[in-house]
Engineer: 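Take this structure first; my questions come after.
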Protein chains: 2
Amino acid sequence: MVKQLREILKITRQNSSARLEDVAHHAGVSTATVSRVLNQPDLVRRTLRDRVEASINDLGYVAHGAARALASRRSRIIGAIVPTIDNAIFSSSIQSLQKRASEFGYTLLLASSDYSLDREKKECQALLEQNIDGLILVGEEHDPAVFSMLKSKQVPYVNIWCYNEDSEHPNIGFDNYLAAKQITQYLLDLGHRQIAMIAGVVTENDRASARLNAVMDTLNDAGLAAENDSILQRDYQVSSGRDAAKQLLKLDKQPTAIICGNDVLALGALFECQAQGLKVPSDISIVGYDGLEIAAQVTPALTTVVIPSIQMGVLAAEFLISTINKKPIQSKIKLEAELAIRETTSKPPRTN
Amino acid sequence: MVKQLREILKITRQNSSARLEDVAHHAGVSTATVSRVLNQPDLVRRTLRDRVEASINDLGYVAHGAARALASRRSRIIGAIVPTIDNAIFSSSIQSLQKRASEFGYTLLLASSDYSLDREKKECQALLEQNIDGLILVGEEHDPAVFSMLKSKQVPYVNIWCYNEDSEHPNIGFDNYLAAKQITQYLLDLGHRQIAMIAGVVTENDRASARLNAVMDTLNDAGLAAENDSILQRDYQVSSGRDAAKQLLKLDKQPTAIICGNDVLALGALFECQAQGLKVPSDISIVGYDGLEIAAQVTPALTTVVIPSIQMGVLAAEFLISTINKKPIQSKIKLEAELAIRETTSKPPRTN
DNA sequence: CTGTTAGCGCGTTCAC
DNA sequence: GTGAACGCGCTAACAG
């Protein structure tokens, strides 16, 4: 009624932009035809299609996603919740995820949990309210409510940054525990016996926990009781790494090697050692975890575990979009995290 | 008709989740009341409100954003297009932006342009199709089509990372040129005369251009003709900084100071100098730009320009949300970028 | 304060 | 191959 009035009176809809119907009028076809050229161009005769496309251009028509989502029950949006965006290793994953999704015509709705499962749950609900077609989660530990919401909304999801073939949830990632074990063993093999660790904060963080546990287990297996004051936990900041290293260097039994839960902490430890005039690796060895670009470039180059951050983003996007389109796809993908032996590790100093 | 059938036959909508109408039935009220409880709770009597809220909980109701957006003409989504997410300084801005937006009940649709204005335009269109309520852009140089689309859709936007009081567009940022000028002058004042630069890639990047121009202008004003082979451009990677520094150190007239367009390049330069056994700053001074956390922690600590990345994210979110809600708010905010004099700068070596 | 109802803009049967 | 018409789930007048 109102709509007719508007047209009869030729009240141009100056306030709002062109709709599908406007394009249809302009091209002298029905809205159905315009919709087809947009979504299933093959079903429309060439000449008509060209005419419609011209009108779309002329009017500067931009589809109305909400209306489209309402009618088609697909939003073309995928969501991702990461602990924090402000962390180089996640942002590299996010970047690749976003680019890959964009190639498929999907946009990325991004949220962060601040390493809190409760916030993660809330952000999940917020994303679900925006009718995301799929969701990417980091790690395998989540509030049960997250999974039940996802299930009742029938939204496909995938856990990245972890690999667990026994999980009931799709996951794309690597074995956090194994790689940490390997790098610890490497230090042991070099002859280190005084090994300290600066772990990431393990609270509600299964990746940090796995890394810490792996180190502890490996040390224990080697008959080295890990002492409390040589195992520290710090948040993800270079300054925290420095601070922790400072504390470790004051210990009576100074460590000959420091294992860090991530590269940022490792860089902090390295800088602190350098500031104190210690030679790395001849005085002390340092290893990180993540494989940031800078880790390979710092002097001396950091020995670390390189994780497939970019690949996880790409594969997660592909998994979700395939699943959304009901195309079968492998729901568990194991990627490799590789030990990169560089210049911050060597045999322990003789004096020990 | 179909809807009535479904209800008459008591076919439970098991495939889909609860709708507003289901909640209304469950609570024995009209859909309008439920909608009010959700959007303007004050308008509903206490007892009724409680009843409705209980039903919402019982049914696990989650609002349908697309439907809400269609009816209310508000999506509660704001968009942002950054050159790349995978860049610590942007991700810190994005993180603060996302958090602030989330506090207001808004979610963040994120896209990246890869430093291409053409891609930026395409991503802008994609975001507009998702009916974003506001958009954040980095820099002041954009395809005219971006602004015209924004205008025709009446979507508020703001340019961050730049400040220009004469711009016709809202902007929140700092003066890229000025700070670069200051840091160059600082080096000049220390006595440096052989000053090289490793700039960021300036193509379609007004921030990198401004920084480069500021350095060149300042050097020229000081009577130092900037030579071509001491001004390099490199992409945003530590390895590129190393590579460029390597090249500069081979020059006949070795620079006594290197100005870098950003901290990542500066760290690369620093690491290369260290690898070559040069003492920083006694042999050579290095300055960066951005103020990454690591710049303050590296040994020696990097002299740089600290830019208000977090603040820009927060203020941009606030600006957009105020504007969306038709609350007047200052559309140009000048923030300060501060010179942080640290340990990578000193007088040039005497031998020169 | 609460209910009724008419669209929001589009995709999608179903006839033609 | 194309058009008409319905309804996706919700908000926003407007009554009452």
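A note on names: the letters A, B, ... follow the listed sequences, proteins ahead of strands, and every chain is numbered from 1. Values below: all heavy atoms of this structure, side chains included; hydrogens, waters and symmetry mates excluded.
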Engineer: Please give, in whole Å, the distance from D:dG9 C1' to A:Gln130 CD?
Structural biologist: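 To the nearest whole Å, that distance equals 14 Å.
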Engineer: Could you tell me if B:Asp86 and A:Ser92 have a donor-acceptor pair between their side chains, going purely by distance under 3.5 Å?
Structural biologist: no
Engineer: Let me know the distance between CG of A:Asp22 and C1' of C:dC8, rounded to the nearest Å.
Structural biologist: 14 Å
Engineer: Could you check how far CG of B:Leu43 sits from C1' of C:dG3, rounded to whole Å?
Structural biologist: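 Interatomic distance, CG of B:Leu43 to C1' of C:dG3: 14 Å.
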Engineer: Among residues two or more places apart or on two chains, list those pairs meeting salt bridge (Lys or Arg N to Asp or Glu O under 4.0 Å) that have a residue in residues 106-121 of chain A.
Structural biologist: A:Asp114-B:Lys99, A:Asp118-A:Lys121, A:Asp118-A:Lys122, A:Arg119-A:Glu123, A:Lys121-A:Asp143
Engineer: Using modelled atom types only, decide if a donor and an acceptor are shared between the side chain of B:Ser17 and the backbone of A:Lys153 within a distance under 3.5 Å.
Structural biologist: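 Side chain of B:Ser17 to backbone of A:Lys153: no pair is present.
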Engineer: For B:Arg51, which residues count as a side chain to side chain donor-acceptor pair (under 3.5 Å) partner, sequence neighbours excluded?
Structural biologist: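 With sequence neighbours excluded, B:Arg51 shows a side chain to side chain donor-acceptor pair (under 3.5 Å) to no residue whatsoever.
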Engineer: What's the CG-P distance between A:Leu59 and C:dG9, to the nearest Å?
Structural biologist: 15 Å
Engineer: Could you state the atom-to-atom distance from CZ of B:Arg73 to P of C:dG7 in whole Å?
Structural biologist: 13 Å
Engineer: In residues 44-52 of chain A, what residues come within less than 4.0 Å of DNA chain D, judged by heavy atoms?
Structural biologist: A:Val44, A:Arg45, A:Leu48
Engineer: Please state whether the phosphate of C:dC8, meaning OP1 or OP2, lies under 4.0 angstrom from any side-chain nitrogen or oxygen of A:Arg19.
Structural biologist: no
Engineer: In whole angstrom, what separates A:His25's NE2 from D:dG3's C1'?
Structural biologist: 12 Å
Engineer: Side chains of A:Arg76 and A:Asn131 only: does a donor on one sit below 3.5 Å from an acceptor on the other?
Structural biologist: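 Short answer, no.
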Engineer: Measure from CG on A:Leu128 to P on D:dG9 and round the result to the nearest Å.
Structural biologist: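 Rounded to the whole Å, the gap is 15 Å.
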Engineer: Give the dot-bracket string for DNA chain C, reading 5' to 3', where a pair is Watson-Crick or G-U wobble with both distances under 3.5 Å, ( ) marks pairs inside the strand, [ ] marks pairs crossing earlier ones, | marks a partner on another strand, and . marks unpaired.
Structural biologist: ||||||||||||||||
Engineer: I'd like to know if the side chain of B:Asn39 and the backbone of B:Arg36 have a donor-acceptor N/O pair within less than 3.5 Å.
Structural biologist: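 Judged by distance alone, no pair lies under 3.5 Å.
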Engineer: Judged by atom type as modelled, is there a donor-acceptor pair below 3.5 Å linking the side chain of A:Thr33 to the main-chain atoms of A:Val29?
Structural biologist: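 Flag not set: sc A:Thr33 to bb A:Val29 has no pair under 3.5 Å.
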Engineer: Check for a donor-acceptor pair, side chain of A:Asn205 on one end and backbone N or O of A:Arg207 on the other, with a separation under 3.5 Å.
Structural biologist: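 Yes; judged by distance alone, with no hydrogens or angles, the pair exists.
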Engineer: Could you run through nucleotides 11-16 of chain C and give me one letter per nucleotide, 5' to 3': B if any protein heavy atom sits under 4.0 Å from the base, S if only the sugar-phosphate is that close, - if neither?
Structural biologist: BBB---
Engineer: Figure out the CG/P separation between B:Leu70 and C:dC10, and round it to whole Å.
Structural biologist: 9 Å
Engineer: Donor-acceptor pair, B:Ser148 side chain versus B:Ala145 backbone, under 3.5 Å?
Structural biologist: yes
Engineer: Using the ring-ring contact (aromatic ring centres under 6.0 Å, His included) criterion, which residues pair with B:Phe319? Sequence neighbours excluded.
Structural biologist: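 Not a single residue meets the ring-ring contact (aromatic ring centres under 6.0 Å, His included) criterion with B:Phe319.
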Engineer: Identify the residue among B:Glu141, B:His142, B:His169 that makes a side-chain hydrogen bond (donor to acceptor under 3.5 Å, both in side chains) with B:Asn159.
Structural biologist: B:His142
